[in-house]
Amino acid sequence: MNAKKLSERLRTVASFVRENTILADIGSDHAYLPCYLVHEGIISKAIAGEVVKGPFESAQKQVISEGLQENIEVRFGNGLEVISEGDNVQTVTIAGMGGPLIASILESGKEKLFKVDTLILQPNIHAKAIREWAIQEQWKIEQEVILEEHDKIYEILVLKKGSMKLSEKELLVGPILSKEKSPVYQKKWSNELNEWQRIVNELSKIPGTEVQQKKQEIESKIALVKETL
């Protein structure tokens with residue numbers, strides 16, 4: 001993977017970035033995503049944010065090596081604190097982290113989303129945390145994608161401002177994904193069911209109220225997912 005040839009995961013994230021938007025890519029790593037979008041002529045201005053020194057320096061070097069210093073500004077900072085009002089950022093991408101961490105970044109920096117109208121989020125795990133945050137903060141799911149790459153399964157959520165209501169089942173598996181029931185979706189949740197059932201079997205051997213409560217929680221999730229397959 002490089003700035004001109006993205007992984008399928010990042011290429012899918014890129015496919016939801018509309019033309020001429022001002023982008024902030026949070027946790028940009030090597031800044032491959034913003035570099036790719038500028039090279040493709042989709043955007044002309046982006047901020048690449050990094051909170052870890054090594055990736056921050058890698059992103060700086062990448063932008064310079066691609067000759068895109070006029071288009072992409074690499075900034076060091078935690079989450080959305082790299083954005084200021086004068087940047088007029090309209091689209092935020094956050095990819096390659098856990099869902100709870102992405103939700104935490106959005107929650108901690110939600111005052112920085114004043115002009116943002118699109119969030120493109122790619123959690124590696126626990127996308128439910130993002131859906132819960134979206135409901136709480138008045139964002140709605142416009143699109144969801146699930147894909148497999150190198151034996152790992154990823155979900156991508158595109159959020160726009162607006163309200164929505166989701167059932168417990170939709171929070172867990174996704175309102176759009178659960179309707180489409182793609183082969184990758186079925187594979188993901190079949191694997192989860194197998195793992196949850198294994199845990200339930202183990203918990204059944206352990207006495208104690210707390211253990212049994214945990215067992216019941218997992219059994220409830222098993223029932224919800226079985227409804228969607």
Side-chain angles (χ1 to χ4, degrees), residues 6-19 21-29 32-34 36-37 42-43 46 49 79-80 83 89-110 112-113 115-150 152-189 191-192 221 224-225 228-229:
L6 296 181
S7 64
E8 182 184 357
R9 172 180 65 91
L10 283 183
R11 200 164 60 246
T12 305
V13 170
S15 73
F16 291 111
V17 178
R18 71 180 185 277
E19 288 187 6
T21 193
I22 298 175
L23 175 77
D25 184 37
I26 305 302
S28 197
D29 201 6
Y32 286 152
L33 179 61
Y36 171 86
L37 289 165
I42 296 168
I43 65 172
L80 298 175
I83 302 173
V89 169
Q90 301 151 309
T91 301
V92 170
T93 51
I94 310 177
M97 306 177 198
L101 177 54
I102 292 175
S104 173
I105 288 169
L106 293 170
E107 177 62 22
S108 297
K110 60 186 178 183
K112 297 296 187 92
L113 299 174
K115 296 180 181 177
V116 173
D117 56 39
T118 306
L119 301 172
I120 306 169
L121 311 169
Q122 182 267 296
N124 291 344
I125 54 171
H126 303 315
K128 180 185 178 186
I130 293 172
R131 297 186 185 104
E132 290 173 333
W133 178 87
I135 290 173
Q136 176 186 310
E137 297 301 324
Q138 297 289 296
W139 290 81
K140 62 183 179 180
I141 296 172
E142 182 179 75
Q143 187 56 271
E144 293 179 309
V145 174
I146 189 167
L147 61 92
E148 184 175 13
E149 185 174 48
H150 304 312
K152 291 184 179 178
I153 293 176
Y154 303 101
E155 294 179 39
I156 297 166
L157 291 77
V158 182
L159 306 182
K160 299 279 189 178
K161 285 182 175 172
S163 61
M164 67 173 175
K165 292 182 179 179
L166 298 178
S167 65
E168 274 301 310
K169 180 171 65 180
E170 289 171 329
L171 275 172
L172 182 61
V173 299
I176 297 172
L177 298 179
S178 58
K179 287 186 176 72
E180 294 176 344
K181 292 184 172 65
S182 73
V184 178
Y185 171 90
Q186 293 183 52
K187 179 178 179 179
K188 171 188 169 70
W189 290 109
N191 290 343
E192 291 282 4
K221 290 199 290 185
L224 286 175
V225 171
T228 79
L229 293 177

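For reference, positions follow the sequence shown, starting with 1.
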Hey, is the main chain of [Y] close enough, under 3.5 Å, to the side chain of [X] for a donor-acceptor pair?
X: Glu170; Y: Ser167; result: yes
X: Asn124; Y: Gly96; result: yes
X: Ser104; Y: Pro100; result: no
X: Glu144; Y: Leu177; result: yes

Side chains of [X] and [Y]: closer than 4.5 Å at any heavy-atom pair?
X: Leu119; Y: Thr91; value: no
X: Ile43; Y: Glu19; value: no
X: Leu33; Y: Thr93; value: yes
X: Tyr185; Y: Ser178; value: yes
X: Gln90; Y: Val116; value: no
X: Ile94; Y: Leu106; value: yes
X: Leu172; Y: Glu168; value: no

- Grab the two heavy atoms, one from Leu224 and one from Thr228, that are nearest each other, plus how far apart they are.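 Heavy atoms only, the tightest pair is O-CG2, 3.5 Å.
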Any salt bridge linking [X] with [Y]? Criterion: basic side-chain nitrogen under 4.0 Å from a carboxylate oxygen.
X: Glu8; Y: Arg11; result: no
X: Arg131; Y: Glu155; result: yes
X: Lys152; Y: Glu148; result: no
X: Lys161; Y: Glu142; result: no

Practice item. Find the distance between OG1 (Thr118) and CG (Leu113) and round it off to the nearest 0.5 Å. Key: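 Nearest 0.5 Å value for the OG1-CG distance: 11.5 Å.
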- Lys221 atom NZ: more than 12 heavy-atom contacts under 6.0 Å: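 Above 12, so yes.
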